[in-house]
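Chain naming here is simple, since letters A, B, ... match the order of the sequence lines and numbering starts at 1 in each.
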There are 2 protein chains.
Amino acid sequence: MSRYADAARDGDGRGHHTLAETESAVAERLDGMSVDVESMAAVQNIYRAANTIRNHLEQTVLAPHDLTWTGWVVLWVVWIWGDIETRHVAEEAGISKGTLTGVIGTLEKRGLLLRRTHPDDARRVLVALTPKGRKLMNTLFPIFNAAEARVTASLSTADKTHLATSLRAVVAEVDEF
Amino acid sequence: MSRYADAARDGDGRGHHTLAETESAVAERLDGMSVDVESMAAVQNIYRAANTIRNHLEQTVLAPHDLTWTGWVVLWVVWIWGDIETRHVAEEAGISKGTLTGVIGTLEKRGLLLRRTHPDDARRVLVALTPKGRKLMNTLFPIFNAAEARVTASLSTADKTHLATSLRAVVAEVDEF
DNA sequence: AAAGTTTCGTTCGGATCCGAACGATTATTG
DNA sequence: CAATAATCGTTCGGATCCGAACGAAACTTT
């Protein structure tokens, strides 16, 4: 069964509970508690949507090219910025330095990028795509972007923009903490 | 450095590139390519917001109780539904059955929940919270919910509701694939 | 110039995450 | 009733994910 897919269906033909059922059970469980339902719904749906999208794009677009979601994100960051320091890649990709070391190891092993010591500061490491990596990005990005359009097809362009704006505000707020 | 935190700041006092810089670099790199910018922005921001929120809540609320994000989600699902089959927990939590086995193992080891074979079907496993697990949920849920309110404080109640609605539409669309 | 401090990337242990394969169990078919 | 098919949870190998600690390198202070 794929990530978050609900191929497995229970007796009445549905996977997990409907949203209405879940909210009903939650209301019952939390009866007597003061709950910020809007905030809970916002957080839960942000996380659920992110996982659903990641799973879907990983399975349909990335796995056929032997890529993981994070491998793809790292390649994308290096593709956009060119020769870039690993600490910046970790920041842009939103992963820890320790995790980046492992992901870069995997991508290097696949011949998609190369690391080298910074000429001025031996503590730092620079990465760049290999020709093979660049070719993969040129081939795969349009396919990935088309898939991004498909997974968000239920939203109008105005909705997508509004969604992105709201989510940027959330990220900015948390980054201020 | 914490997950996605930008405690590390580069020379000019900023962490990762600004959004404007990133979009500029993206436009330059993708010059000549037909790009659905709104879809890309929607997907990137959904993923970024989910990770930022997960990291923040894990660090500030869950880690002090020796919980991971997914451990929390699994406990929450079992708390809401009571005695529940593991296959349903995996679905509700949005993780694979293999992953759930490991997470349940961890939570069981911590004395927070218990598993038992289904009385009617020996293939199935049921899980329920222990008294310790129930106590933890009653204590921690209000704290977690308050943190949910803080991370989404930049949004109005109407915005939170609209966000949740848009994201539910995205999940429903992908689940139809 | 030497000592102390800070920064960088890697390593480590523990946790999670997946799909595929497996054994055990149940359901279906002939 | 026996054979076959389907379902369930676990195991497996590989990948990711984290924070803390470490060694090496650079910076700052004395």
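Counting heavy atoms from C-beta on, the side chains of A/M137 and A/L129 come closer than 4.5 Å. B/L107 is listed as a side-chain neighbour of B/L67, based on a closest heavy-atom distance under 4.5 Å.
Contact between the side-chain N/O atoms of B/R110 and the OP1/OP2 oxygens of C/dA15 is found at a separation under 4.0 Å. The shortest distance between the side-chain N/O atoms of B/T70 and the OP1/OP2 oxygens of C/dC17 is below 4.0 Å. Remark: B/S96 is in phosphate contact with C/dC18, judged by side-chain N or O atoms under 4.0 Å from OP1 or OP2. Contact annotation: B/T101 side-chain N/O to D/dT10 OP1/OP2 distance is under 4.0 Å. Between A/Q59 and C/dC18 there is no side-chain N or O to OP1 or OP2 distance below 4.0 Å.
Remark: P of C/dC17 and CD1 of B/I104 are 13 Å apart, rounded to the nearest angstrom. Atom CD1 of B/I95 and atom P of D/dT10 are 12 Å apart (whole Å). Remark: C1' of D/dC8 and CD of B/E91 are 12 Å apart, rounded to the nearest angstrom. For the pair A/N51 CG and D/dT16 P, the interatomic distance rounds to 16 Å; values are reported in whole Å. Whole-Å rounding puts the A/L62 CG to C/dC18 P distance at 15 Å. Rounded to whole Å, atom C1' of C/dA15 lies 12 Å from atom CG of B/L67. Regarding B/E85, its CD atom lies at a distance of 14 Å from the P atom of D/dT7, rounded to whole Å. Taking atom CD of B/E58 as the reference point, atom P of C/dT16 lies 9 Å away to the nearest angstrom.
Contacts of A/T68 with the nucleic acid, taken as non-hydrogen atoms under 4.0 Å apart, involve only primed sugar atoms and P, OP1 or OP2.
In this structure, of C/dC17, D/dC17, C/dA15, it is C/dA15 that holds the atom nearest to the side chain of B/T106. Nearest nucleotide to the B/K97 side chain, out of D/dG9, C/dA15, C/dT10: D/dG9.
No hydrogens or angles considered: a donor-acceptor pair under 3.5 Å links the side chains of A/K160 and B/S39.
Comparing B/T99 and B/K109, the nucleotide of DNA chain C nearest to each residue sits closer to the 5' end for B/K109.
In the hydrophobic clustering of this structure, A/V37 groups with B/L163; members are Ile, Leu, Val, Met, Phe, Trp, Tyr whose side-chain heavy atoms approach within less than 4.5 Å, directly or through other members.
Partner of A/L167 under the side-chain contact (heavy atoms from CB on, under 4.5 Å) criterion, out of B/N45, B/T52, B/I53: B/N45 alone.
Shown for residues 116-127 of chain B: residues whose heavy atoms fall under 4.0 angstrom of DNA chain D, namely B/R123, B/R124, B/V125.
Between B/T86 atom OG1 and B/H118 atom NE2 the span is 10.0 Å, to the nearest 0.5 Å.
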Run the ring-ring contact (aromatic ring centres under 6.0 Å, His included) test on B/W76 and B/F144 for me, step by step, so that the C-alpha distance in whole Å, both residues' side-chain angles and the decisive distance to 0.1 Å come before the verdict.
CA-CA 11 Å; B/W76 191 89; B/F144 188 89; 8.9 Å; no
